[in-house]
J.: 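Submitted below is the structure of interest, expressed as structure tokens.
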Amino acid sequence: MTLLEQIEAAGVVGCGGAGFPAHVKLAAQGVDTLIVNGAECEPLLRTDRWLMRHRANEIVSAICAVKERLGAARAVIALKESYINEIAALRMAIGSASLPIEIFTLKDFYPAGDEQVQVFEVTGRVVSPGGLPLDVHCVVSNIATIYAIFHAMHGRPFTQKYLAVTGAVAAPCVVKAPIGTSFSDCLALAGGAENNDCVADGCVVVSGGPMMGKPMTMEEALASHVTKTTSGYIVLPERARLWQKHVTEPRFTLQHARTACVQCSFCTQLCPRWLLGHPIEPHRIMRRMAGPDWHEHLDNPVLRATQYCCECGVCELIACPMELRPREIISIVKQALAEQGLRPVKGTGEYMPREFRDERAVPTVKAAFRAGAGPWYNTEITRYIEANPREVRIALNSHIGAPAVPVVKLGEHVKFGQLIAEPPEGKLGARVHASIAGVVTQAGEYITIRAEEGSIWKA
């Protein structure tokens, strides 16, 4: 099998974002630079750092295979200069095997892990608004995805996730969890929530990072399960700023924008995409939304520019002095544009970053504190635990593309790694495999597998 066939057979999707099927992304042509994203820019997340420290040999081996497949002249691992131990581990792995891989160090700013930011930092090229790194001959893939590709190269399907469980928990850890493992199982492995103000005031759980992740009540979290794109769980006090914003109804968000925006333009001045030269100006979007008839003017260039937003959260969690929600406003507009079938207008010509871009970079520690996660920013995670759940609930729609269709039936006994769902013929998607051995007890939007007594899920 070719590398692309191995990746497709294993069901690998991007682990650092929306879950784009990796075999499609890596079929790209005309690539001169492969950038492996090790910045893990979201505060508190530590999974990629753990992998770089402990799985460096496997990572650099997979990078070389992907570089060869793409025909790229360069393969670069981009990570923060503060990742001393990770850099050392990678350099040792690269040196011992004499591999043609570069290490590129970034300053500790947010969002250093944004793929368009990384393309500029590494190559000096600006991806056009509405464009992709491939437009400037680059492919960006994160560390966890590359590690999953290493397993695919050796015939192992994508059935397990490495994720950080941190924040206000008793024993922060990196968990190796079968896909479909419940959040409650992961929380238990981290010793549960701390017996502090978090418990007294109630907890919020963020799936992903505090800046861009999905906030949930503890009740919602306890009903959730690990998917192919889950990067971590962060437990925070319910009074955390990001939660207060999250629970505000959209109609109030719009009302606040109309009545309280002072047009200071701080949201634009700190916007990472605007600083790259893209024509998105959040303060003008806020002004445009002041009128009740905004939805009748979706073809307005100011509103169309919302489609260039990466939703990093800098505008609302850091920039706005009135504590408004430009990101949420932009999300509302983007949804309206999508409903009208209006796709992003791709920029043409060359774009140059603003000359003061470097001076306006947001320190990652500041992002953590503004999101309410500051007290846990410097938490070192050294504990590593392998989960062994008795039941998994595997989502079939946790990636970009069409949901996978079950190929197993209720009551069927499945083996670890067995194919249990695949994309509809001719549709973009990814295969799904059993992450534990057991009996299928649900086969619909989810596939639930209950382990039998004595069964072993490990490869």
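Quick caveat: nothing in here was measured; it's all calculated off a predicted structure.
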J.: Counting distance only, does the side-chain N/O of Glu316 pair as donor-acceptor with the main-chain N or O of Arg327 below 3.5 Å?
T.: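 Yes.
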
J.: Is it true that, when you exclude Gln335 itself, more than 12 heavy atoms of the residues, nucleotides or ligands shown sit nearer than 6.0 Å to its CD?
T.: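 No, CD of Gln335 has 12 or fewer neighbouring heavy atoms, counting only those of other groups under 6.0 Å.
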
J.: Partners of Tyr147 by ring pair (Phe, Tyr, Trp, His ring centres under 6.0 Å), sequence neighbours excluded?
T.: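 By the ring pair (Phe, Tyr, Trp, His ring centres under 6.0 Å) rule, Tyr147 matches His151, Tyr162.
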
J.: Mind checking the CE-SG spacing from Met212 to Cys310? Nearest 0.5 Å is all I need.
T.: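 So the gap between those two atoms works out to 5.5 Å.
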
J.: Indicate yes or no: at least one non-hydrogen side-chain atom of Ile285 is less than 4.5 angstrom from one of Pro326.
T.: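 Ile285 does not reach Pro326 side chain to side chain.
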
J.: Taking atom CZ of Arg343 as the centre, does the number of heavy atoms from other residues, nucleotides or ligands within less than 6.0 Å exceed 12?
T.: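 Not buried by this count: 12 neighbours or fewer within 6.0 Å.
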
J.: Which heavy atom of Glu40 sits nearest a heavy atom of Thr47, and at what distance?
T.: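 For Glu40 and Thr47, the tightest heavy-atom pair comes out as OE2-N, 2.9 Å.
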
J.: Is there side-chain contact between Met153 and Leu3, with heavy atoms separated by less than 4.5 Å?
T.: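 Side-chain contact under 4.5 Å: yes.
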
J.: Could you check if a side-chain atom of Gln263 sits within less than 4.5 angstrom of a side-chain atom of Met286, using non-hydrogen atoms only?
T.: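 SC-SC contact between Gln263 and Met286 confirmed.
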
J.: Got a sec, which residues hit ring pair (Phe, Tyr, Trp, His ring centres under 6.0 Å) with His433, two or more places apart in sequence or on another chain?
T.: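 Partners of His433 under the ring pair (Phe, Tyr, Trp, His ring centres under 6.0 Å) test: none.
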
J.: When the side chains of residues 58-69 are checked against the rest of the protein, which donor-acceptor pairs come out under 3.5 Å, sequence neighbours left out?
T.:
| unit_1 | atom_1 | unit_2 | atom_2 | d |
| --- | --- | --- | --- | --- |
| Lys67 | NZ | Ala72 | O | 3.4 |
| Arg69 | NH1 | Leu26 | O | 2.5 |
| Arg69 | NH1 | Ala28 | O | 3.4 |

J.: For Lys107, what residues pass the salt bridge (charged side-chain N to carboxylate O under 4.0 Å, His left out) criterion, not counting sequence neighbours?
T.: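 Lys107 satisfies salt bridge (charged side-chain N to carboxylate O under 4.0 Å, His left out) with Glu81 once adjacent residues are dropped.
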
J.: When rounded to the nearest 0.5 angstrom, what distance separates CG in Leu254 from CD1 in Ile329?
T.: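 Interatomic distance, Leu254 CG to Ile329 CD1, rounded to 0.5 Å: 4.5 Å.
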
J.: Would you say Thr145's side chain and Cys15's backbone share a donor-acceptor pair under 3.5 angstrom?
T.: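 Checking the backbone N and O of Cys15 against the side chain of Thr145, a donor-acceptor pair under 3.5 Å is found.
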
J.: For a side chain to side chain contact (heavy atoms under 4.5 Å, CB included) check, start with the C-alpha distance between Val392 and Ile179, then their side-chain angles and the critical distance, and finish with the verdict.
T.: CA-CA 7 Å; Val392 294; Ile179 292 169; over 6 Å; no

J.: Measure the spacing between CD1 of Ile149 and CD of Gln6 and express it to the nearest 0.5 Å.
T.: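 Answer for the CD1-CD pair, Ile149 versus Gln6, is 10.5 Å.
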
J.: Begin with the C-alpha distance, continue with both residues' side-chain angles, and end with the deciding distance and a verdict on side chain to side chain contact (heavy atoms under 4.5 Å, CB included) for Leu276 and Val117.
T.: CA-CA 8 Å; Leu276 277 176; Val117 169; 4.3 Å; yes

J.: Is there a donor-acceptor contact under 3.5 Å from the side chain of Ser331 to the main chain of Glu328?
T.: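 No, Ser331 side chain to Glu328 backbone: no donor-acceptor pair under 3.5 Å.
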
J.: Taking all atoms of both residues into account, what is the closest heavy-atom pair of Leu106 and Gln118, and its distance?
T.: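 The pair with the smallest heavy-atom distance is CD1-NE2, 3.7 Å.
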
J.: Using modelled atom types only, decide if a donor and an acceptor are shared between the side chain of Lys25 and the backbone of Val140 within a distance under 3.5 Å.
T.: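 Yes; at least one donor-acceptor contact below 3.5 Å.
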
J.: Taking all non-hydrogen atoms of both residues into account, name the closest pair between Ala430 and His399 and its distance.
T.: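 Looking at all heavy atoms of both residues, the closest pair is N-NE2, 3.5 Å.
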
J.: CZ of Phe150 to CZ of Arg156: how many Å apart, nearest 0.5 Å?
T.: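 Between atom CZ of Phe150 and atom CZ of Arg156 there are 6.0 Å.
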
J.: Can you tell if the side chain of Val127 reaches within under 4.5 Å of the side chain of Tyr351, non-hydrogen atoms only?
T.: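 The answer is no, as the side chains (C-beta and beyond) never meet within the 4.5 Å cut-off.
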
J.: Return the CD1 to CG distance between Ile330 and Leu337, rounded to the nearest 0.5 Å.
T.: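 Those atoms lie 11.5 Å apart.
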
J.: Can you list every ring-ring contact (aromatic ring centres under 6.0 Å, His included) pair that touches residues 60-119, not counting sequence neighbours?
T.: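 Every candidate ring-ring contact (aromatic ring centres under 6.0 Å, His included) pair involving residues 60-119 fails, so no pair, neighbours aside, qualifies.
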
J.: Measure from the side-chain N and O atoms of Lys334 to the backbone N and O of Cys309, and report whether any donor-acceptor pair falls under 3.5 Å.
T.: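 Yes; judged by distance alone, with no hydrogens or angles, the pair exists.
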
J.: Ignoring hydrogens, what is the shortest heavy-atom contact between Ala177 and Val226? Give both atom names and the distance.
T.: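 The answer is CB-CG2, 4.4 Å.
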
J.: Around Glu350, counting heavy atoms of other residues, nucleotides and ligands shown, do more than 12 lie under 6.0 Å from its CD?
T.: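 Incorrect, the count does not exceed 12.
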
J.: Within a reach of under 6.0 Å around CE of Met92, are more than 12 heavy atoms found that belong to other residues, nucleotides or ligands?
T.: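 For Met92, atom CE is not crowded (no more than 12 foreign heavy atoms under 6.0 Å).
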
J.: With side chain to side chain contact (heavy atoms under 4.5 Å, CB included) as the test, would you mind laying out the steps for Lys80 and Thr364 before giving the verdict?
T.: CA-CA 11 Å; Lys80 295 175 183 175; Thr364 307; 3.4 Å; yes

J.: The test is side chain to side chain contact (heavy atoms under 4.5 Å, CB included); show your working for Phe20 and Thr229 and say whether it passes.
T.: CA-CA 10 Å; Phe20 195 84; Thr229 57; over 6 Å; no

J.: Any salt bridge (Lys or Arg N to Asp or Glu O under 4.0 Å) involving residues 115-144? Give me the pairs, sequence neighbours left out, ordered by first then second residue.
T.: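 For residues 115-144, and leaving out neighbouring residues, the salt bridge (Lys or Arg N to Asp or Glu O under 4.0 Å) pairs sorted by first residue read Asp32-Arg125, Glu121-Arg357, Asp135-Lys346.
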
J.: Are the side chains of Ile234 and Leu45 in contact, using a 4.5 Å heavy-atom criterion?
T.: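 Yes, at least one pair of side-chain atoms sits under 4.5 Å.
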
J.: So, using side-chain hydrogen bond (donor to acceptor under 3.5 Å, both in side chains) as the criterion, who are the partners of Gln269 when residues are at least two apart?
T.: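 side-chain hydrogen bond (donor to acceptor under 3.5 Å, both in side chains) list for Gln269, sorted by chain: Arg360.
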
J.: Identify the two heavy atoms, one from Ile394 and one from Ser435, that lie closest to each other, and give their separation to 0.1 Å.
T.: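 Closest approach of Ile394 to Ser435: CD1-OG, 3.7 Å.
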
J.: Strictly distance-based, threshold 3.5 Å: is any side-chain N or O of Ser265 a donor or acceptor partner for the main-chain N or O of Thr268?
T.: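 Pair absent, no side-chain N/O of Ser265 close to backbone of Thr268.
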
J.: Minimum heavy-atom separation for Leu270 to Ala319, with atom names?
T.: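 Nearest heavy atoms, Leu270 then Ala319: CD1-CB, 3.8 Å.
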
J.: Would you say Leu303 and Met289 make side-chain contact, with heavy atoms under 4.5 Å?
T.: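 Of all side-chain heavy-atom pairs linking Met289 with Leu303, at least one is under 4.5 Å.
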
J.: Is a donor on one side and an acceptor on the other found under 3.5 Å between the side chain of Gln160 and the backbone of Glu386?
T.: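 Absent.
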
J.: Taking side chain to side chain donor-acceptor pair (under 3.5 Å) as the cut-off, I'd like each qualifying pair that reaches into residues 90-99, sequence neighbours left out, listed once.
T.: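 Every candidate side chain to side chain donor-acceptor pair (under 3.5 Å) pair involving residues 90-99 fails, so no pair, neighbours aside, qualifies.
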
J.: Residues two or more places apart in sequence or in another chain: which of them pass side-chain hydrogen bond (donor to acceptor under 3.5 Å, both in side chains) with Gln116?
T.: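 With neighbours one apart ignored, the set is empty.
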
J.: Please list, chain by chain and in numerical order, all residues satisfying ring pair (Phe, Tyr, Trp, His ring centres under 6.0 Å) with Tyr384, sequence neighbours excluded.
T.: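 Tyr384 satisfies ring pair (Phe, Tyr, Trp, His ring centres under 6.0 Å) with Trp50 once adjacent residues are dropped.
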
J.: Given side chains that start at C-beta, do those of Arg273 and Asp114 come closer than 4.5 Å, heavy atoms only?
T.: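 Yes, at least one pair of side-chain atoms sits under 4.5 Å.
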
J.: Quick check: does any side chain N or O of Arg46 sit under 3.5 Å from a backbone N or O of Glu380, one acting as donor and the other as acceptor?
T.: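 Pair absent, no side-chain N/O of Arg46 close to backbone of Glu380.
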
J.: If the condition is ring pair (Phe, Tyr, Trp, His ring centres under 6.0 Å), which residues does Phe183 pass it with, not counting sequence neighbours?
T.: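 Expected list: Tyr233.
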
J.: Any chance you could measure Leu79, atom CG, to Asp48, atom CG, to the nearest 0.5 Å?
T.: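 Here the rounded value is 10.0 Å.
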
J.: List the residues meeting salt bridge (charged side-chain N to carboxylate O under 4.0 Å, His left out) with Arg74, not counting sequence neighbours, and say none if there are none.
T.: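 Glu102.
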
J.: What I'd like to find out is whether the side chain of Arg49 reaches to under 4.5 Å of the side chain of Asn85, using heavy atoms alone.
T.: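 No - every pair of side-chain heavy atoms lies 4.5 Å or more apart.
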
